[in-house]
Amino acid sequence: MAMLQVHIPSHNIRSFSSFLTSYPSLSSSPLRIASLETHQQNSLFSFSTSNPIQNRPFSVSTQPRRRLLCRPPQGKYVREDYLVKKKSAKEIEELIRGERNVPIIIDFYATWCGPCILMAQELEMLAVEYESNALIIKVDTDDEYEFARDMQVRGLPTLYFISPDPNKDAIRTEGLIPIQMMRDIIDKDM
């Protein structure tokens with residue numbers, strides 16, 4: 001017989017007990033409360049399963065688990081066939097110092113950053129719209145840590161809009177911004 005013990009703080013005992021009684025399927029399942037010990041600060045609920053073959057972890061869900069229809073992605077969100085290409089610090093410095101007639105948009109991102117993934121989708125749509133009128137590139141802050149530090153990237157995602165006119169200052173945005181704001185910056189301020 002398998003045992004599962006759960007420590008419940010004393011101020012949550014009443015809500016946990018009412019939770020167990022509100023699910024009749026728990027009382028008819030092979031899972032049952034074997035004992036209840038009360039201590040000063042918390043209580044110990046011991047669960048036992050009467051079927052030793054079904055030694056599964058305790059799950060609050062009463063629905064059976066479903067099989068996956070497809071395998072989940074392996075965590076690689078940045079693919080190589082996107083229009084917005086990943087560049088190194090040296091490549092970006094060469095682009096900025098070289099001759100150009102279109103604005104450069106630099107996206108500082110990280111693969112573990114959720115808003116960066118959403119921003120990457122917007123930047124892809126922007127790259128399709130401004131195919132020959134803007135150059136959009138990205139920098140992985142984990143790979144290019146020193147470059148990101150020198151560019152004073154403190155929050156992700158961070159965008160730099162660099163005009164082809166050397167007399168204009170670069171525009172810096174931090175955080176997830178709407179695609180219309182990016183269009184306005186490119187059309188009006190560059």
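Computed from a predicted structure; not experimentally measured. All heavy atoms count here, side chains included; hydrogens, waters and symmetry mates do not.
Between Arg172 and Met151, the shortest heavy-atom contact is NE-O, 4.3 Å. Shortest non-hydrogen contact noted between Leu83 and Val128 is CD1-CG2, 3.5 Å. Heavy-atom minimum distance, Leu156 versus Ala110: CD1-CB, 3.6 Å. In plain terms, the two heavy atoms of Pro157 and Pro115 that are nearest each other are CD-CB, 3.9 Å. Here the shortest heavy-atom pairing between Ala127 and Val84 reads CB-CG2, 4.0 Å.
Between Tyr130 and Asp187, some side-chain heavy-atom pair lies under the 4.5 Å cut-off. The shortest distance between side-chain heavy atoms of Ile179 and Met125 falls below 4.5 Å. Taking the side chain as every heavy atom from C-beta outward, Ile136 and Asp107 never approach each other to under 4.5 Å. At least one side-chain heavy atom of Arg100 sits under 4.5 Å from a side-chain heavy atom of Ile162.
Rounding to the nearest 0.5 angstrom, the gap separating the CZ atom in Arg154 from the CD atom in Gln152 is 5.0 Å. The structure places CG of Asp165 at 12.5 Å from CG of Asp189, a figure rounded to the nearest 0.5 Å. Once rounded to the nearest 0.5 Å, the distance linking CD1 of Ile177 with OG1 of Thr158 reads 10.0 Å. Atom CD1 of residue Ile106 and atom CZ of residue Phe161 lie 10.5 Å apart, to the nearest 0.5 angstrom. Residue Ile105 holds its CD1 atom at 9.0 Å from CE of Met182, rounded to the nearest 0.5 Å.
With a 6.0 Å radius and a threshold of 12 heavy atoms from other residues, nucleotides or ligands, Gln180 has its CD atom above the threshold. Within 6.0 Å of CD in Glu93 there are more than 12 heavy atoms belonging to other residues, nucleotides or ligands.
Of the possible donor and acceptor atoms, one in the side chain of Thr141 sits under 3.5 Å from a partner among the backbone N and O of Tyr109. A donor-acceptor pair under 3.5 Å is absent between the side-chain atoms of Glu122 and the main chain of Pro178, judged by distance alone.
Under the 30°/60° scheme for interplanar angles, the aromatic rings of Phe147 and Phe108 are found to be tilted.
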